[in-house]
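We name chains A, B, ... by the order of the sequence lines, and we start the count at 1 in each one. What you see below is based on every heavy atom in this structure, not just the backbone, and it leaves out hydrogens, waters and symmetry mates.
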Amino acid sequence: VKILILGAGAVGGYWGARLHQAGIDVTFLLREKRAETVRRNGLVVKSPKTGDVALPVKVVTKANDGGPYDVIILACKGYDLGSAIAAIAPAVGANTTIVPILNGHMHFATLDGRFGREKVAGGLARIGGMLGPNGEILHSGASGVSFGERDGKPPRAALVELDAACTKAGIVGGLNPDINQDLWDKWIMLGAIASMCGAMRGTVGDIMEADEGGAIMAEILEECRAVAAAEGYPPSDKVVGEIRASLTQKGGKSVASILGDIEKGGAVEARSIVGDMLARARKFGVAAPNLRFAYAHLQTYEARRARGGLK
Amino acid sequence: VKLLILGAGAIGGYVGGRLHQGGADVTFLVRPARQQALRDGLVIKSPKGDIIQKVKTVLEGGEGGPYDVVLLTCKAYDLGSAIAAIAPAVGANTTVVPLLNGMRHLDVLDAKFGKDRVAGGLARVGVAMVDGTILHTSPFAAISFGERDGKPPRQALVELDAAVKKSGVDGGLHGNIVQDLWDKWIMLCSLAATNCLMRGSSGDILEADEGRTIVLETVDECHRTAAAAGCDPGEKGLQTIRGFLTVKGSRFTASMLHDLEKGAMVEADQIVGDMIARAKKAGISTPNLRMAYAHLQVYLARRARAG
């Protein structure tokens with residue numbers, strides 16, 4: 001299977017690095033500046049799991065170089081979807097499958113509209129990490145991916161091959177027969193933690209120090225759960241219980257990456273992670289008072305950022 | 001009237017400096033470092049005129065007394081040490097006039113000095129201290145004080161009023177100081193809670209879809225709490241507060257947000273936490289203040305672990 005990965009950030013970069021190490025045919029589609037760094041230094045990954053490596057991966061800056069590709073993994077942020085679509089378009093052939101691993105659900109309508117629903121699989125990553133100051137990938141533990149057919153039919157050959165490649169590379173997860181449920185399971189977790197770490201400006205442990213911190217966290221998770229249920233994807237009690245336990249852990253070090261983005265004055269996925277959850281709550285008449293505060297907080301941040309008023 | 005002012009920080013320095021300029025007998029109770037800095041004079045820069053003037057300072061409340069009035073201008077979280085500092089200066093005929101935010105300090109002061117010695121008071125002065133200089137930046141500079149039981153004012157407060165009138169500070173004796181305390185608290189709590197919860201100016205908050213609604217709801221939570229305490233500011237007072245908090249493009253922020261952004265201590269318990277406690281006692285629900293208070297407590301937890 002011939003794979004193109006758009007983006008070499010903490011998620012796409014780590015996934016691609018592991019595939020590359022396993023001998024899979026992987027190419028990265030990168031912006032000029034990122035391409036130059038990776039060509040010069042190799043793709044640098046620092047990981048407690050694999051140690052530190054600098055990999056001489058294949059890099060292109062135009063998608064029609066080196067194709068055609070069987071699978072295109074889209075590992076951009078939600079707010080970069082427009083430019084990502086333009087970048088991959090030349091590489092999408094008749095037999096190409098796109099596996100987006102963006103947060104939330106908003107990107108599906110855009111991708112389906114542009115490339116046709118049959119070309120777009122469901123996908124997500126649970127890979128922890130961030131980019132270091134020199135563009136190195138600082139991997140911090142979790143390394144799972146999940147992808148599959150959104151209509152629940154038997155998976156196409158490209159996804160079966162991608163699954164085999166992930167197994168070979170030691171990436172856990174892989175092909176998931178119920179990717180839609182998994183997308184919702186991930187989103188309710190992310191919706192809750194991103195809302196709270198963003199709006200409260202702290203880690204799970206910090207939030208638990210406030211009198212009402214644990215209660216508010218549990219309420220916001222319940223708001224997200226109710227939205228998923230209304231959409232026809234109620235998460236199991238086991239999944240909800242595990243998420244609740246991890247998000248209400250006294251002294252917990254967990255933190256959503258959105259907080260790091262806010263504190264460095266960067267762009268945030270406010271709309272795709274929180275705003276769209278709130279919009280769906282409204283559509284179904286699900287009360288979501290806490291999501292409302294979180295989204296207002298993030299929109300205030302965006303307004304202040306837009307006027308150059310951060311610090 | 002002989003005045004002792006605890007602290008020569010932003011509010012105490014400005015108000016005391018103006019009273020001194022107006023001819024009042026003012027002494028500042030300060031720490032040694034501040035006394036050292038004041039040897040060359042108290043410096044105020046203000047659109048109402050810059051001044052540098054020598055002022056009397058003492059390091060102990062027992063020095064230079066007895067005093068008719070002790071003006072307390074500390075931050076609410078420093079109240080304990082402030083009480084210890086002024087205690088030796090509070091005699092049988094001394095009136096303590098606290099200019100702190102919120103209301104909680106009144107119970108603490110009553111318990112320590114007796115209710116009859118503690119008047120009500122507040123300051124509306126837009127002022128900051130930078131490198132020892134008091135920078136008065138806003139057009140307003142007023143204090144308000146009076147008897148909390150609504151009785152005719154005692155002699156010391158009448159004399160303080162006369163001193164204020166000669167000083168260029170606005171305001172003075174107030175016939176219903178408890179209402180004025182609530183009016184200020186509603187305004188301050190709504191502003192600080194929303195600015196801090198959203199981490200932006202009122203103008204920034206109005207850019208969020210629900211920003212305006214959230215601000216107005218927050219004012220209403222404070223309003224209902226005040227009304228339950230018998231101090232409804234009335235429709236006109238509320239309109240002023242609502243109007244001030246919903247000015248499109250406003251860059252005005254509560255000083256608490258500046259404190260938050262520079263990692264300083266904040267009066268979270270006194271300005272927001274105590275409003276919630278009073279609302280709860282009256283059976284009033286305050287979902288917006290709850291969120292804001294949680295935000296502030298998270299900030300304080302993170303500050304405590306130096307994150």
Side-chain angles (χ1 to χ4, degrees), chain A residues 195-220 250-253 255 259-260 262-263 265 268 270-271 274-275 278-279 281-282 287-311, chain B residues 193-218 221 248-253 257-258 260-263 266 268-269 272-273 276-277 280 285-307:
Chain A
S195 289
M196 287 298 282
C197 293
M200 294 293 158
R201 303 279 177 112
T203 63
V204 165
D206 295 330
I207 292 166
M208 291 303 293
E209 291 299 311
D211 299 342
E212 294 285 302
I216 296 170
M217 182 69 96
E219 287 168 12
I220 212 165
K250 271 249 170 214
K253 302 258 185 295
V255 62
L259 179 59
I262 288 172
E263 293 191 335
V268 292
R271 187 144 175 264
V274 183
L278 181 61
R282 295 238 159 95
N290 295 304
L291 284 170
R292 183 184 75 133
F293 286 117
Y295 193 46
H297 180 103
L298 296 172
Q299 287 189 308
T300 300
Y301 166 79
E302 288 179 327
R304 195 172 165 190
R305 179 174 183 259
R307 72 165 168 90
L310 297 167
K311 298 275 150 95
Chain B
T194 53
N195 282 180
C196 292
L197 173 57
M198 298 302 165
R199 296 275 181 131
S201 68
S202 302
D204 294 326
I205 295 170
L206 293 182
E207 295 296 316
D209 300 341
E210 294 280 314
R212 184 185 167 83
T213 308
I214 289 171
V215 168
L216 294 177
E217 287 168 0
T218 308
E221 291 176 9
K248 263 237 174 238
S250 167
R251 296 287 163 260
F252 193 82
T253 58
L257 180 60
H258 298 279
L260 225 56
E261 293 189 338
K262 66 179 192 223
V266 291
D269 289 341
V272 184
I276 294 172
K280 196 177 240 174
S285 91
T286 53
N288 295 22
L289 292 177
R290 172 189 187 232
M291 254 349 237
Y293 190 50
H295 184 107
L296 293 169
Q297 286 188 314
V298 170
Y299 165 78
L300 290 170
R302 200 173 165 190
R303 181 173 183 267
R305 71 163 172 85

Please examine the side chains of [Y] and [X], heavy atoms only from C-beta on, and report whether any two atoms are closer than 4.5 Å.
X: A/Gln299; Y: B/Glu207; answer: no
X: A/Glu209; Y: B/Leu300; answer: no
X: B/Glu210; Y: A/Leu278; answer: no

Check your understanding: What pair of heavy atoms forms the shortest contact from A/Ala296 to B/Ala208, and how long is it?
Key ->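 Smallest interatomic distance, heavy atoms only, reads O-CB, 3.7 Å.
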Study note, to complete from the structure: Looking only at heavy atoms, the pair that brings A/Phe293 and B/Met198 closest together is O-CE, 3.8 Å
**Study point:** With sequence neighbours excluded, residues passing side-chain hydrogen bond (donor to acceptor under 3.5 Å, both in side chains) with B/Glu217
**Key:** A/Arg292, B/Asn288
Exercise for review: Check each of B/Asp204, B/Thr194, B/Leu206 against A/Thr300 using the side-chain contact (heavy atoms from CB on, under 4.5 Å) test, and report the only one that passes.
Suggested key: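 Of the listed residues B/Asp204, B/Thr194, B/Leu206, the side-chain contact (heavy atoms from CB on, under 4.5 Å) partner of A/Thr300 is B/Asp204.
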Point to revise | chain B contacts, top residue of A/Gly205, A/Ala210, A/Ala303, A/Pro289 (heavy-atom pairs, under 4.5 Å) | key: A/Ala210
Check your understanding: Top residue by heavy-atom pair count (under 4.5 Å) with chain B, among A/Glu212, A/Met208, A/Glu302, A/Arg304?
Key -> A/Arg304
Practice item. Examine whether an atom of A/Ala294 lies under 4.5 Å from a heavy atom of chain B, and if so say whether it belongs to the side chain, the backbone or both; otherwise answer neither. Key: neither
I'd like to know if the side chain of [X] and the backbone of [Y] have a donor-acceptor N/O pair within less than 3.5 Å.
X: A/His297; Y: B/Leu197; answer: yes
X: B/His295; Y: A/Arg201; answer: no
X: A/Arg307; Y: B/Gly249; answer: no

**Study point:** Point-to-point distance, once rounded to the nearest 0.5 Å, from CD1 of A/Ile207 to CZ of B/Arg302
**Key:** 10.0 Å
Point to revise | Spacing of CG belonging to A/Asp211 relative to CZ belonging to B/Arg290, to within rounding of 0.5 Å | key: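 So the CG of A/Asp211 and the CZ of B/Arg290 are separated by 10.5 Å.
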Review point. Looking at residues at least two apart in the chain, or sitting in another chain, which of them share a side chain to side chain contact (heavy atoms under 4.5 Å, CB included) with B/Ser250?
Key: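 Per chain and number, B/Ser250 pairs via side chain to side chain contact (heavy atoms under 4.5 Å, CB included) with B/Ser202, B/Val247, B/Phe252.
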